[in-house]
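Both counts, for ligands and for their atoms, begin at 1 and track the order of listing. Predicted, not measured: the structure shown is a model, and the values here were computed from it.
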Amino acid sequence: MGKTNISLRGKNILALEDFSPEEIQLVLDTAKEMKNIIHRDIKKVPALRGKSIVTLFYEPSTRTRSSFELAGKYLGADVINITAGTSSIVKGESLRDTLYTMEAMGVDAIVMRHKAEGAPEYASKVVSPVIINAGDGAHAHPSQGLLNLFTIQQYKNTTDLKGMKYAILGDITHSRVARSDIQGMRKMGMEVHLAGPKTLMPRFLFEEPGIVIHDRIEEAIEAADVINVLRIQLERQKSGLFPSPREYARIFGVNDERLKLAKDDVLIMHPGPMNKGLEISPYVAYGDHSAIQEQVQNGVAVRMALLTLALTGGKDSEADS
Ligand code: CP
């Protein structure tokens, strides 16, 4: 798509439905530059010097929170972390008052995870710092969708993803990653294939154009150029959506036998954390086709890109210095 004049400066990063394909590609192109910084001995550039970032997490996280923190630090920003369990949130402070407190301290960006869908959008309406959604309920996880796209472009060595078949397997209903993937992959021209238990497949998706829903997981595996295996979100499940973890692994798990059905150059992804032996076998998770570790590193690069573009527009980025 080449160089464009588009700018994401000041944009709240809430969901990929708010992004054009050109804006998505700008993030991915910027992430490619940022990834070079991660490979340096001294991982520090002054692109965000003088900026302050808060990570505000009401739900647990390993990858997303720490990669946003590292991303900010590699870019020279000041980063502080607030988690629900160790802040005045445990004393009953409301989300709005917590946001007002951060705004009063002069922060430039709030990276936010919350169990309530729409909480980051609400935040964007009540305070002035840039809001970055780091996952809200089952609604959206835009930076995960972007790092998945970046990983595919890197592995497939092309920015042209049109016609590529992207399979999302498992618990679609509870997955914010699935929603952001569906939006992002379709904007970039990919064909989305879904498979999993019918009890974990939202009905509205059957009506959506550009989506193929398979009755059997094997059909999606055979069709796919890229497979994203979703985590079974045991913490969000109501009971009775599948018979037992053992039955789930037997019927829907991506294991070495099912991997034999896939294309020779298939790419296996998983957002993490993995339930190994449930939705994915250790052989598949750590095997030759797996991009899962690379996704984690790419998460830092994509989040560096998002912070730079949202806080500076990227024009004055000193990523090369
Ligand atoms: N993929 C993902 O969101 O992982 P964390 O919950 O560890 O941030």
Just say parallel, tilted or perpendicular for the rings of His114 and Tyr58, cut-offs at 30° and 60°.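 Geometry flag for Tyr58 against His114: tilted rings.
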
Fill in: Lys11 NZ/CZ over Phe19 ring centroid, <6.0 Å and within 45° of normal
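Yes, a cation-pi geometry.
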
With a distance cut-off below 6.0 Å to the six-membered ring centre and an angular limit of 45° from the axis, does Arg113 pair with Phe57 as a cation-pi contact?
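Verdict for Phe57: no cation-pi partner in Arg113.
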
Notebook entry, point to check: Which residue pairs pass the ring pair (Phe, Tyr, Trp, His ring centres under 6.0 Å) test with at least one member in residues 243-285, sequence neighbours excluded?
Noted result: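 Sorted pair list: Phe242-Tyr248, Tyr248-Phe252.
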
Problem set entry | Spatial distance of atom NZ (Lys32) from atom CD (Gln154) [nearest 0.5 Å] |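 Output value for this atom pair is 7.0 Å.
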
- Working to the nearest 0.5 Å, report the span between OG1 of Thr151 and CD of Gln293.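 Between atom OG1 of Thr151 and atom CD of Gln293 there are 11.5 Å.
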
Are there any N/O pairs under 3.5 Å between ligand 1 and the protein, and if so, what are their distances?
{"unit_1": "ligand 1", "atom_1": "1 (N)", "unit_2": "Gln144", "atom_2": "OE1", "d": "3.0"}
{"unit_1": "ligand 1", "atom_1": "1 (N)", "unit_2": "Pro271", "atom_2": "O", "d": "2.9"}
{"unit_1": "ligand 1", "atom_1": "1 (N)", "unit_2": "Gly272", "atom_2": "O", "d": "3.2"}
{"unit_1": "ligand 1", "atom_1": "3 (O)", "unit_2": "Thr64", "atom_2": "OG1", "d": "3.0"}
{"unit_1": "ligand 1", "atom_1": "3 (O)", "unit_2": "Arg113", "atom_2": "NH2", "d": "3.0"}
{"unit_1": "ligand 1", "atom_1": "3 (O)", "unit_2": "His141", "atom_2": "NE2", "d": "2.9"}
{"unit_1": "ligand 1", "atom_1": "4 (O)", "unit_2": "Arg63", "atom_2": "NE", "d": "3.2"}
{"unit_1": "ligand 1", "atom_1": "6 (O)", "unit_2": "Arg113", "atom_2": "NH1", "d": "3.0"}
{"unit_1": "ligand 1", "atom_1": "7 (O)", "unit_2": "Thr62", "atom_2": "N", "d": "2.9"}
{"unit_1": "ligand 1", "atom_1": "7 (O)", "unit_2": "Arg63", "atom_2": "N", "d": "2.9"}
{"unit_1": "ligand 1", "atom_1": "7 (O)", "unit_2": "Arg63", "atom_2": "NE", "d": "3.1"}
{"unit_1": "ligand 1", "atom_1": "7 (O)", "unit_2": "Arg63", "atom_2": "NH2", "d": "3.2"}
{"unit_1": "ligand 1", "atom_1": "8 (O)", "unit_2": "Ser61", "atom_2": "OG", "d": "2.6"}
{"unit_1": "ligand 1", "atom_1": "8 (O)", "unit_2": "Thr64", "atom_2": "N", "d": "2.9"}
{"unit_1": "ligand 1", "atom_1": "8 (O)", "unit_2": "Thr64", "atom_2": "OG1", "d": "2.6"}
{"unit_1": "ligand 1", "atom_1": "8 (O)", "unit_2": "Arg113", "atom_2": "NH2", "d": "3.3"}

